[in-house]
> 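Supplied in structure tokens, the structure appears directly below.
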Amino acid sequence: MSDTLSPKGIGNALVLGGGGAVGICWMAGLAIGLREAGIDLALADRVVGTSAGAVVGAVLTTHGDLQRLITPPSAETRATPINPAGFGEILTILATPGLGARDIRKLVGVRALEMRVGEPADHIARIGGLAGAQEWPDADLIITAIDLESGDLRAWTRDGEATLAEALASSTSVPGVFPPIPIAGRIYMDGGLRSPINADLAAGADVIVIVEPLAHLFPHAPSDSEIGSATTIAIVPDAAAIAAFGMDMFSFTALEPAFAAGHRQAEEAAPRLKAVWPNR
């Protein structure tokens with residue numbers, strides 16, 4: 001983790017993981033349910049968002065309307081069908097034996113550039129419209145992406161070269177589904193390729209709440225254990241939520257069931273957070 005991201009003096013950090021359009025809606029339902037129970041996730045001292053979590057984190061930290069994530073303002077911002085063949089090919093590359101994680105990400109980047117899955121400008125507009133915010137918040141928001149050429153993590157903040165919409169688009173650029181995003185002479189793709197949560201970017205906080213839509217599908221990266229002595233609370237989909245998600249994390253028909261499942265799970269999660277989460 002870069003020294004420039006060291007969360008000195010930060011008490012509570014919120015880590016929001018990847019999960020496609022369905023994961024966005026589950027996290028939105030959870031956040032709304034928690035707010036109704038008196039717990040506002042937007043009060044985190046630091047928010048780390050990866051892919052779907054970046055979108056939810058942007059709405060939280062800009063004090064936007066979480067409900068918009070289940071009822072996007074136009075068809076362009078709704079869930080996008082994936083190309084099963086293209087995404088399956090990326091999954092095969094990710095399972096390449098005998099290579100380090102960074103080298104595998106570089107291979108994914110090469111193939112992602114070769115795939116024709118839309119225009120970067122369209123994805124930037126789509127994701128920016130979904131989040132409903134144009135400017136970076138004053139809050140400590142970190143959005144993760146992967147440098148396509150080097151395979152390294154890029155942690156976007158308000159002090160970086162990316163606009164908020166560009167950062168969100170790069171973090172959600174699932175290879176084989178959405179196009180890689182060029183920013184300031186480099187090209188970026190989904191931050192979830194390094195880790196589904198990138199929890200180490202919250203290292204140093206006293207309490208870290210991890211909200212992880214795909215905990216049932218993807219293991220943590222070794223770096224996710226590099227969080228110091230923080231008290232951690234994980235919120236993951238229960239069996240009913242997983243059933244509501246289905247197999248397609250970009251299915252439009254699964255958005256409302258996922259939202260409802262997250263809202264329901266807030267009732268169980270709220271008591272676990274009340275003792276550690278700040279109040280207004």
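Values in this document were obtained by computation on a predicted structure and should not be read as measured data.
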> Thr61: which residues meet the side chain to side chain donor-acceptor pair (under 3.5 Å) condition with it, sequence neighbours left out?
none
> Does Ala203 offer a backbone N or O that forms a donor-acceptor pair with the side chain of Arg46 under 3.5 Å?
no
> Could you walk me through whether Asn12 and Leu14 pass side-chain contact (heavy atoms from CB on, under 4.5 Å), step by step?
CA-CA 7 Å; Asn12 296 275; Leu14 175 65; over 6 Å; no
> State, to 0.1 Å, how close Leu130 and Arg68 come at their nearest heavy-atom pair, and which atoms those are.
O-NE, 2.9 Å
> Under the rule for side chain to side chain donor-acceptor pair (under 3.5 Å), what residues qualify as partners of Glu36, not counting sequence neighbours?
His263
> Compile the donor-acceptor pairs under 3.5 Å between side chains in residues 50-60 and protein atoms, sequence neighbours left out, one pair per line.
unit_1	atom_1	unit_2	atom_2	d
Thr50	OG1	Thr144	OG1	2.8
Thr50	OG1	Asn198	ND2	2.9
Ser51	OG	Ser171	O	3.4
Ser51	OG	Asp190	OD1	3.3
Ser51	OG	Asp190	OD2	3.0

> Minimum heavy-atom separation for Asp200 to Ser223, with atom names?
CB-O, 3.1 Å
> Could you pull out all donor-acceptor pairs under 3.5 Å where a side-chain atom in residues 204-218 meets a protein atom, sequence neighbours excluded?
unit_1	atom_1	unit_2	atom_2	d
Glu212	OE1	His220	NE2	2.9
Glu212	OE2	His220	NE2	3.0
His216	ND1	Pro213	O	3.4

> Hydrophobic cluster membership, with links at side-chain heavy-atom distances under 4.5 Å among I/L/V/M/F/W/Y: are Leu255 and Ile242 in one?
no
> Any idea which heavy atoms bring Pro175 and Ile90 closest together, and the distance?
O-CG1, 3.5 Å
> Quick one: CG on Asp122 to CD1 on Ile124, what's the gap to the nearest 0.5 Å?
9.0 Å
> Got Pro237 and Gln265 here, is their nearest side-chain heavy-atom distance under 4.5 Å?
yes
> Sequence neighbours excluded, which residues qualify as salt bridge (Lys or Arg N to Asp or Glu O under 4.0 Å) partners of Arg186?
Asp147, Glu149
> Of all residues at least two apart in sequence or in a different chain, which pass the side chain to side chain contact (heavy atoms under 4.5 Å, CB included) check with Arg272?
Ile233, Ile235, Glu268
> List the residues meeting salt bridge (Lys or Arg N to Asp or Glu O under 4.0 Å) with Arg264, not counting sequence neighbours, and say none if there are none.
Asp238
> Atom CG of Asp103 and atom OG of Ser150: how far apart are they, to the nearest 0.5 Å?
11.0 Å
> CG of Asp140 to CD1 of Ile10: how many Å apart, nearest 0.5 Å?
4.5 Å
> Return the set of residues passing side chain to side chain contact (heavy atoms under 4.5 Å, CB included) with Ala37 (not counting sequence neighbours), or none when no residue passes.
Ala270
> To the nearest 0.5 Å, tell me how far Tyr188 OH sits from Leu153 CG.
10.5 Å
> Glu114: what forms a side chain to side chain contact (heavy atoms under 4.5 Å, CB included) with it, not counting sequence neighbours?
Val110, Arg111
> Please list, chain by chain and in numerical order, all residues satisfying salt bridge (Lys or Arg N to Asp or Glu O under 4.0 Å) with Glu135, sequence neighbours excluded.
none
> Can you measure from CG (Asp152) to CZ (Arg102) and round to the nearest 0.5 angstrom?
4.5 Å
> When rounded to the nearest 0.5 angstrom, what is the spacing between CD1 in Ile227 and CD1 in Ile197?
8.0 Å
> For a side-chain contact (heavy atoms from CB on, under 4.5 Å) check, start with the C-alpha distance between Ile183 and Arg154, then their side-chain angles and the critical distance, and finish with the verdict.
CA-CA 11 Å; Ile183 302 171; Arg154 178 62 190 256; over 6 Å; no
> Compare every heavy atom of Trp136 with every heavy atom of Ile143, then report the nearest pair and how far apart it is.
CD1-CH2, 3.7 Å
> Taking all atoms of both residues into account, what is the closest heavy-atom pair of Leu201 and Ala155, and its distance?
CD1-CB, 4.1 Å
> Is there a side-chain contact (heavy atoms from CB on, under 4.5 Å) between Ile39 and Lys274 once you walk through the steps?
CA-CA 7 Å; Ile39 297 169; Lys274 280 187 176 178; 3.6 Å; yes
> I'd like to check the ring-ring contact (aromatic ring centres under 6.0 Å, His included) partners of Phe259; sequence neighbours left out, ordered by chain and number.
none
> Apply side-chain contact (heavy atoms from CB on, under 4.5 Å) to the pair Ile127 and Phe178, showing each step before the final yes or no.
CA-CA 11 Å; Ile127 296 300; Phe178 298 118; 5.7 Å; no
> Do Val117 and Ile93 share a hydrophobic cluster, counting only Ile, Leu, Val, Met, Phe, Trp and Tyr and linking them when any side-chain heavy atoms are less than 4.5 Å apart?
yes
> Would you say the side-chain atoms of Glu166 and Trp156 include a donor-acceptor pair closer than 3.5 Å?
no
> Can you name the closest pair of heavy atoms from Thr96 and Ile104 and give their distance?
O-CD1, 3.5 Å
> Using the test salt bridge (Lys or Arg N to Asp or Glu O under 4.0 Å), find all partners of Arg105 that sit at least two apart in sequence or belong to another chain.
none
> For the hydrophobic clusters of this structure (ILVMFWY residues joined by side-chain heavy atoms under 4.5 Å, transitively), does one cluster hold both Trp277 and Val236?
no
